[in-house]
Colleague: 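Structure incoming, see below.
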There are 2 protein chains.
Amino acid sequence: MPTSTAPSTARERARIEITQEILNTARDHLTKDGAAALSLRAVARDLGMVSSAIYRYVPNRDSLLTMLIIDAYDSLGADVEKAERTVRREAHLERFLTTCQAVRTWALAHPQEYALIYGSPVPGYAAPADTIVPASRVPAVLITILIDMHSRGRQPKPTPVEPLVSTAIADLRMFSGGLLPDDLLLRGMAAWSSLFGAISFELFGHLHNVVADGSKYRKAYFDHQMRQVALGLRLG
Amino acid sequence: MPTSTAPSTARERARIEITQEILNTARDHLTKDGAAALSLRAVARDLGMVSSAIYRYVPNRDSLLTMLIIDAYDSLGADVEKAERTVRREAHLERFLTTCQAVRTWALAHPQEYALIYGSPVPGYAAPADTIVPASRVPAVLITILIDMHSRGRQPKPTPVEPLVSTAIADLRMFSGGLLPDDLLLRGMAAWSSLFGAISFELFGHLHNVVADGSKYRKAYFDHQMRQVALGLRLG
DNA sequence: ACAAAGCAAGAGCAGCGCTCTGGTTTGTTG
DNA sequence: CAACAAACCAGAGCGCTGCTCTTGCTTTGT
């Protein structure tokens with residue numbers, strides 16, 4: 001089943017087109033002034049429509065933000081997948097490091113969008129179901145690397161995990177197709193949090209007066225940290 | 001030199017008192033509706049003053065947020081310091097784990113304040129200098145644990161660190177009094193990012209459909225992860 | 001040919017941050 | 001004690017926001 005049916009009437013085509021324009025303009029505003037400053041009225045003004053007309057295409061501000069969130073997840077996911085694909089399949093460590101670099105590169109290039117998806121969620125906001133698939137693209141890449149490593153390499157005996165923790169990650173185990181032992185899944189989660197913890201700290205200003213400001217310093221620092229994380233994954 | 005001189009006149013006393021009331025009411029609003037929804041007018045209403053009167057005590061909304069940020073850092077810092085103090089000095093691992101638990105406990109109890117200080121910063125916002133001291137209380141606790149461990153325990157030979165990374169963390173080295181080798185400082189940074197990465201993921205909803213929702217599962221998962229982090233610190 | 005559905009435009013409501021004006025209170029000084 | 005400047009308060013007002021409702025017009029499927 002196709003996710004979107006072909007536009008039969010001119011009206012449907014126009015509707016899709018206008019919705020696209022709204023999304024594009026909104027993304028421009030987002031990258032310039034941040035999510036908090038995004039205003040439906042300003043978007044309408046830019047598009048030469050009156051403010052009320054926007055509500056024909058977007059039910060409200062929150063849902064516009066949701067569309068931008070999905071967009072951001074997909075943009076990040078596509079970049080990361082593309083970067084990771086360029087690496088030789090057997091070079092597991094390099095695949096991991098390339099993935100981390102790609103996430104950071106995207107985040108530095110799209111700080112507001114990064115903040116939108118990995119920063120504080122808006123107060124009453126609950127992520128709708130449409131976001132969970134795009135949101136899992138990066139985790140999927142990481143898990144694939146782990147699976148490849150685990151299935152090919154020598155498998156050290158898995159460290160046993162407490163039952164409570166083991167049941168806690170039942171969903172994650174299912175997501176990975178049951179191909180990974182619990183302790184490796186947990187290491188993967190640790191790597192994932194470390195990756196985003198490091199990027200968030202850098203992007204949200206918590207490295208001020210801690211790690212030198214220059215971009216080469218920041219990159220070297222990040223590199224080093226991710227190599228450390230890779231050690232924890234037994235990738236190095 | 002005292003940071004605040006004694007209030008001589010009734011007016012000065014009233015001023016301080018009213019400013020305090022404004023801060024308290026603002027904090028109530030923050031914990032209830034989040035930073036984005038915090039409104040000077042609403043605070044004024046709660047206090048029975050007209051909206052313009054607030055500007056006698058607070059220059060603008062941003063500076064009110066800054067005061068709340070400082071408050072939040074101090075609240076977190078005080079809780080963490082208190083918790084960490086209860087542990088036997090020689091039990092370095094336990095001191096570390098207790099610190100992590102204290103951070104998480106505070107974060108779960110004050111999610112909006114956590115989001116305010118560790119979530120996405122407001123677009124044009126630049127943290128003023130007044131925040132850096134309160135912000136470094138938690139890092140200071142972690143570094144003290146590392147110093148105690150390093151100075152007492154057997155010191156494994158430090159892994160050499162690339163020069164670029166070494167110069168990148170010059171500020172951090174200074175902050176730690178030069179008592180720690182670079183590789184341990186870097187492990188400490190990794191632990192710090194992991195800690196906040198883990199808490200941010202949990203608080204900002206990125207563990208949905210990954211780690212089971214129940215608070216005991218979440219706690220067990222967090223415990224496990226922090227023990228893992230401690231291994232990276234060679235604390236375990 | 002015609003009703004139904006989709007559309008644009010404008011007015012309007014309640015809220016926001018912030019400023020300005022005019023009038024009052026307070027503390028200090030001649 | 002009187003005079004005066006500084007600090008205070010209340011209110012009106014500006015321009016912005018999200019969102020709704022009403023009024024007409026146009027496109028669409030029957």
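Remember, predicted model here, so these are calculated numbers, not experimental data. Reminder, nothing fancy here: chain letters follow the sequence lines and each chain counts from 1.
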Colleague: Hey, could you give me the OH/CG distance between B/Tyr73 and B/Leu116, rounded to the nearest 0.5 Å?
Modeller: 8.5 Å

Colleague: Between C/dC18 atom P and B/Tyr55 atom OH, what is the distance in whole Å?
Modeller: 4 Å

Colleague: Counting distance only, does the side-chain N/O of B/Arg61 pair as donor-acceptor with the main-chain N or O of B/Leu38 below 3.5 Å?
Modeller: yes

Colleague: How close do B/Arg15 and B/Arg56 get, counting heavy atoms only, and between which atoms?
Modeller: NH2-O, 2.9 Å

Colleague: Any side-chain heavy atom of A/Phe175 within less than 4.5 Å of one from B/Val210?
Modeller: no

Colleague: Looking only at the side chain of A/Tyr57 (C-beta and beyond, no hydrogens), which of the listed nucleotides C/dC7, D/dC19, C/dC16 gets closest?
Modeller: C/dC7

Colleague: Rounded to whole Å, please give me the gap between CG in A/Leu38 and C1' in D/dC16.
Modeller: 14 Å

Colleague: Between A/Arg56 (CZ) and D/dT23 (P), how many Å, whole number?
Modeller: 15 Å

Colleague: Ring-plane angle category for B/Phe201 and A/Trp192, please: parallel below 30°, perpendicular beyond 60°, tilted otherwise.
Modeller: tilted

Colleague: Take the protein atom CZ of A/Arg13 and the nucleotide atom P of C/dC7, then report the distance between them rounded to whole Å.
Modeller: 14 Å

Colleague: If I take atom CG in residue A/Leu65 and atom P in nucleotide D/dC19, what distance separates them, rounded to the nearest angstrom?
Modeller: 10 Å

Colleague: Rounded to whole Å, how long is the line connecting atom CD1 of B/Ile18 with atom P of D/dA7?
Modeller: 15 Å

Colleague: Are the side chain of B/His224 and the backbone N or O of B/Ala220 linked by a donor-acceptor pair below 3.5 Å?
Modeller: no

Colleague: If we fit an axis to the first five pairs and another to the last five of the helix from C/dA1-D/dT30 to C/dG30-D/dC1, what angle do they make, to the nearest 10°?
Modeller: 0°

Colleague: Ignoring backbone atoms, test whether B/Arg15 places a side-chain nitrogen or oxygen under 4.0 Å from the OP1 or OP2 oxygen of D/dC8.
Modeller: yes

Colleague: Dump the pairs, protein N or O against N or O of nucleotides 11-13 of chain D, anything under 3.5 Å, distances to one decimal.
Modeller:
{"from": "D/dG11", "atom 1": "N7", "to": "B/Ser52", "atom 2": "OG", "distance (Å)": "3.3"}
{"from": "D/dG11", "atom 1": "O6", "to": "B/Ser52", "atom 2": "OG", "distance (Å)": "2.7"}
{"from": "D/dG13", "atom 1": "O6", "to": "B/Arg41", "atom 2": "NH2", "distance (Å)": "3.4"}

Colleague: Measuring from the side chain of B/Leu40 (C-beta onward, heavy atoms only), which nucleotide among D/dT20, C/dA8, C/dC18 has the closest atom?
Modeller: C/dC18

Colleague: Provide, to the nearest angstrom, the distance between the CD1 atom belonging to A/Ile54 and the P atom belonging to C/dC7.
Modeller: 13 Å

Colleague: Between A/Arg104 and A/Ile199, is there a donor-acceptor pair closer than 3.5 Å when you use the side chain of the first and the backbone of the second?
Modeller: no

Colleague: Can you see if the side chain of B/Arg45 gets near the phosphate of C/dC16 - specifically, an N or O under 4.0 Å from OP1 or OP2?
Modeller: yes

Colleague: Quick check: do A/Glu202 and A/Tyr221 have side-chain heavy atoms less than 4.5 Å from each other?
Modeller: no

Colleague: Rounded to whole angstrom units, what separation is found between the CE atom of B/Met49 and the C1' atom of C/dT25?
Modeller: 15 Å

Colleague: So, using side-chain contact (heavy atoms from CB on, under 4.5 Å) as the criterion, who are the partners of A/Ser39 when residues are at least two apart?
Modeller: A/Arg41, A/Ala42

